[in-house]
Amino acid sequence: GNNLVIVERTALGERLRGILAGRKISSVAEALNVSVSTVSRWRDGTREPENIASLLGLAQTLDVSADYLLGLSPTPRPEPVVRDHQWWTE
């Protein structure tokens, strides 16, 4: 069978609409070296980043995880790993 995980096409757009609500799209586009229309299409769900580098750049620019942008995680940033300090040494 087909074991590919199908990411909901609208997940990225929905997440971007929420994150970009209080931001200038032009500043995000400039940081990623893409056009404003490209970011707008990502937000509107009509296009998606063409490669992993674009997706990771978008996540870093917006300070969220790629999993969050793709709808795979409910939280914008992963929880920090808490280690048991009884055995953990620097």
Side-chain angles (χ1 to χ4, degrees):
N2 188 348
N3 293 330
L4 287 175
V5 175
I6 305 300
V7 176
E8 225 180 294
R9 187 160 174 75
T10 57
L12 177 70
E14 283 178 15
R15 294 279 160 91
L16 284 178
R17 278 191 290 282
I19 297 167
L20 293 173
R23 291 178 183 242
K24 283 188 173 179
I25 290 183
S26 57
S27 64
V28 174
E30 192 176 316
L32 295 170
N33 202 25
V34 297
S35 68
V36 170
S37 62
T38 294
V39 177
S40 296
R41 288 183 189 117
W42 292 345
R43 181 201 59 199
D44 297 340
T46 56
R47 294 263 319 263
E48 291 176 331
E50 293 182 8
N51 54 50
I52 292 173
S54 294
L55 177 66
L56 293 178
L58 184 60
Q60 288 176 338
T61 300
L62 299 175
D63 194 30
V64 296
S65 71
D67 279 358
Y68 179 75
L69 285 180
L70 293 173
L72 300 175
S73 168
T75 54
R77 288 171 210 82
E79 294 296 313
V81 175
V82 177
R83 293 187 170 88
D84 183 342
H85 287 280
Q86 290 177 337
W87 60 265
W88 182 259
T89 55
E90 296 288 316

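Everything numeric here is computed off the predicted structure, so don't read it as measured data.
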Checking the side chain of Thr61 only, and the main-chain atoms of Gly57 only, is there a donor and an acceptor separated by less than 3.5 Å? yes
CZ on Arg41 to OG on Ser35, rounded to 0.5 Å: 6.0 Å
Identify every side-chain donor-acceptor pair in residues 17-33 under 3.5 Å, counting partners at least two apart or on other chains, and give the distances.
from: Arg17; atom 1: NH1; to: Arg43; atom 2: O; distance (Å): 2.6
from: Ser27; atom 1: OG; to: Lys24; atom 2: O; distance (Å): 2.8

Would you say Thr38's side chain and Val34's backbone share a donor-acceptor pair under 3.5 angstrom? no
Between Asn51 and Ala53 (side chain of the first, backbone of the second, donor and acceptor by atom type, cut-off under 3.5 Å), is there such a pair? yes
Do any pairs count as a salt bridge (charged side-chain N to carboxylate O under 4.0 Å, His left out) and have a residue in residues 51-62, sequence neighbours left out, and if so which ones? none
Quick one: do Leu58 and Leu16 satisfy side-chain contact (heavy atoms from CB on, under 4.5 Å)? Show the steps, please. CA-CA 10 Å; Leu58 184 60; Leu16 284 178; 4.0 Å; yes
Donor-acceptor contacts under 3.5 Å from residues 65-76 side chains, at least two apart:
from: Ser65; atom 1: OG; to: Tyr68; atom 2: N; distance (Å): 3.0
from: Ser73; atom 1: OG; to: Thr75; atom 2: N; distance (Å): 3.3
from: Ser73; atom 1: OG; to: Thr75; atom 2: O; distance (Å): 3.2
from: Ser73; atom 1: OG; to: Thr75; atom 2: OG1; distance (Å): 3.4
from: Thr75; atom 1: OG1; to: Arg77; atom 2: O; distance (Å): 3.4

